[in-house]
Amino acid sequence: MSVPPPAASPNPPLRERVLVLDFGSQYAQLIARRIREQHVYCEIVRHDITAARIRELAPRGIILSGGPASVYEPGAPRCDPGIFSLGIPVLGICYGMQLACASLGGRVTKAGTREFGRAEVAILDADTLFAGVPPRTEVWMSHGDQVDAAAADFVPLAVTETCPMAAVRHRTLPVYGLQFHPEVTHTRAGAAMLANFLRGVCGCSGSWRLDDFAAATIAALRERIGDDRVICGLSGGVDSAVVAALLSRAIGDRLSCILVDNGLLRKNEAAAVIEEFTTHFRTDLHVVRAETRFLDVLAGVTEPQEKRRRIGKAFVDCFADEAAKIRGARYLAQGTLYPDVIESGAATDGPAATIKLHHNVGGLPDDLQFDLVEPLRDLFKDEVRQLGLQLGLPERIVWRHPFPGPGLAVRCLGEVTKPRLDTLREADAIVLEELEQAGLMRKVSQAFAVLLPVRSVGVMGDARTYEDVLAVRAVETEDFMTADWSHIPHAVLARISTRVINEVRGVNRVVYDISSKPPATIEWE
């Protein structure tokens with residue numbers, strides 16, 4: 001497959017761009033999202049991007065992320081020191097602050113008392129980063145090192161009981177530092193601090209809007225694709241649906257969509273996709289009915305990775321067979337999101353990318369010979385949902401919870417058979433219906449049922465039963481890298497349990513998963 005280098009985003013005006021240099025922080029993506037929430041376009045780049053390249057990009061501001069290293073350790077990641085002489089405002093966060101101070105003559109040492117978790121800072125100077133912030137405010141600390149208070153070129157802006165340089169600014173350069181994390185919700189005034197940096201220090205107007213992205217992306221797609229045809233794989237998820245909606249607006253009937261109905265989708269999912277993309281968007285939709293094919297390759301398989309491998313290969317075969325029937329197609333569209341690009345090492349200015357193809361399933365073969373189109377590669381998940389609503393997709397598709405590429409096969413623990421899948425599908429539908437009726441679908445990030453390879457004794461009427469156990473999983477998360485189990489009201493859980501046991505034959509026991517990620521994962525397989 002010929003994969004061209006990613007084109008620069010057509011949307012943000014350069015005067016509003018902010019760059020986040022990633023030093024390995026678990027919060028780098030969160031920083032970018034918080035900046036975009038301030039209506040300022042932001043991109044994550046490698047920590048070793050050159051000052052010359054930054055000058056070409058002409059950002060309004062630069063943010064140095066946190067990271068797990070210590071600046072004084074051999075091999076610790078560093079930035080090009082030339083960025084501090086560009087005249088572009090720099091904000092270092094945690095490790096980023098320590099690196100900025102060390103690069104400009106300060107000294108970083110191991111702290112006498114480490115700070116992890118909530119702390120209270122006292123503001124010494126409220127003129128810049130802390131304008132409008134209470135004199136004492138709660139922040140989230142995570143550091144074992146700190147900047148020496150004797151750093152001659154830096155002025156302290158805030159302190160804690162154990163950290164005399166909790167926030168700093170350089171005496172002559174537009175360089176600022178926060179030892180804590182303003183991007184996490186535990187830092188109460190974090191949004192105000194970031195806004196002060198973006199508007200008060202960088203001079204950003206906050207004019208970036210997602211509807212501008214839609215218009216610019218549609219125009220860019222129309223220009224790039226010309227009179228050629230595009231193939232888009234529909235999975236039932238929001239990402240592929242939004243890609244198809246964008247392309248439908250851009251090129252109309254020159255979009256061909258392929259839906260592989262593998263028998264592993266949620267209840268009524270295939271029908272909903274078919275309805276939307278034949279009546280609303282009126283695309284050239286090809287539906288591959290492949291339930292029997294997938295069940296055959298899964299027969300007798302219980303090991304999770306082997307399930308994924310077989311499903312991936314079957315999907316590739318089905319997709320390739322159908323794609324070969326579509327004449328005149330030059331491009332293949334894919335719902336790659338910004339986190340996918342970052343995780344695969346393909347962030348802006350990074351080395352050559354290894355793009356994820358068909359998330360969680362497996363790559364499409366190299367000999368398909370399509371050029372790749374990835375119109376969502378600059379967006380986060382929440383932005384994709386907003387864009388879907390703007391494009392006219394119904395809420396039932398836009399707010400559909402994430403679904404693994406292998407589908408119900410990795411939620412049907414043990415052997416995958418049609419009867420077991422049908423049982424799981426009905427139970428899963430009840431879980432989602434009850435959450436919807438309780439108004440919890442937007443609060444819960446992901447919820448689903450898992451059919452366990454466990455049977456238990458029960459009593460139904462006056463008869464003894466020996467039937468399957470169903471687990472319910474629901475989590476809340478911002479980035480899906482970490483997640484906490486959802487505290488669903490007991491009354492809702494009771495209704496779910498009662499309905500499943502009464503309405504789904506073969507299940508006599510329902511349990512609720514209260515594991516967080518980590519140590520557990522969100523999916524069971």
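None of the values given here were measured: they were computed from a predicted structure.
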By side-chain contact (heavy atoms from CB on, under 4.5 Å) - contacts of Pro402 (at least two apart)
Arg385, Gln446, Phe480

For [Y], does its backbone N or O pair with a side-chain atom of [X] as donor and acceptor, under 3.5 Å?
X	Y	value
Glu303	Gln305	yes
Arg282	Ser248	no
Arg473	Phe448	no
Glu16	Ser205	yes
Ser497	Leu493	no
Ser240	Gly335	no
Arg266	Leu408	no
Arg425	Leu265	yes
Arg188	Thr185	no
His401	Val444	yes

Looking at OG of Ser486 and NZ of Lys443, how far apart are the two atoms once the value is rounded to the nearest 0.5 Å?
6.0 Å

The reported gap from OH in Tyr512 to NE2 in His490 (rounded to nearest 0.5 angstrom) is 9.5 Å

Quick check: do [X] and [Y] have side-chain heavy atoms less than 4.5 Å from each other?
X	Y	result
Asp239	Val243	no
Val288	Phe315	no
Leu332	Phe319	yes
Val416	Leu421	yes
Val45	Asp22	no
Glu503	Glu426	no
Glu525	Arg411	no

Residues [X], [Y]: salt bridge by 4.0 Å N-O rule:
X	Y	value
Arg330	Asp371	yes
Lys418	Glu291	yes
Glu433	Arg495	no

For the pair Thr417 and Glu415, evaluate side-chain hydrogen bond (donor to acceptor under 3.5 Å, both in side chains) and give the outcome as yes or no after the intermediate values.
CA-CA 6 Å; Thr417 65; Glu415 185 176 6; over 6 Å; no

Can you name the nearest heavy-atom pair linking [X] to [Y], along with the distance?
X	Y	answer
Ile62	Phe197	O-CZ, 3.9 Å
Met193	Thr137	CE-CG2, 4.2 Å
Ala241	Ile397	CB-CG2, 3.8 Å

Pairs satisfying ring pair (Phe, Tyr, Trp, His ring centres under 6.0 Å), at least one member in residues 248-279, at least two apart
Phe277-Phe281

Of the options Leu393, Val384, Leu387, which is the one that meets Val398 in a side chain to side chain contact (heavy atoms under 4.5 Å, CB included)?
Leu393

More than 12 heavy atoms of other residues, nucleotides or ligands under 6.0 Å from CZ of Arg293: yes or no?
yes

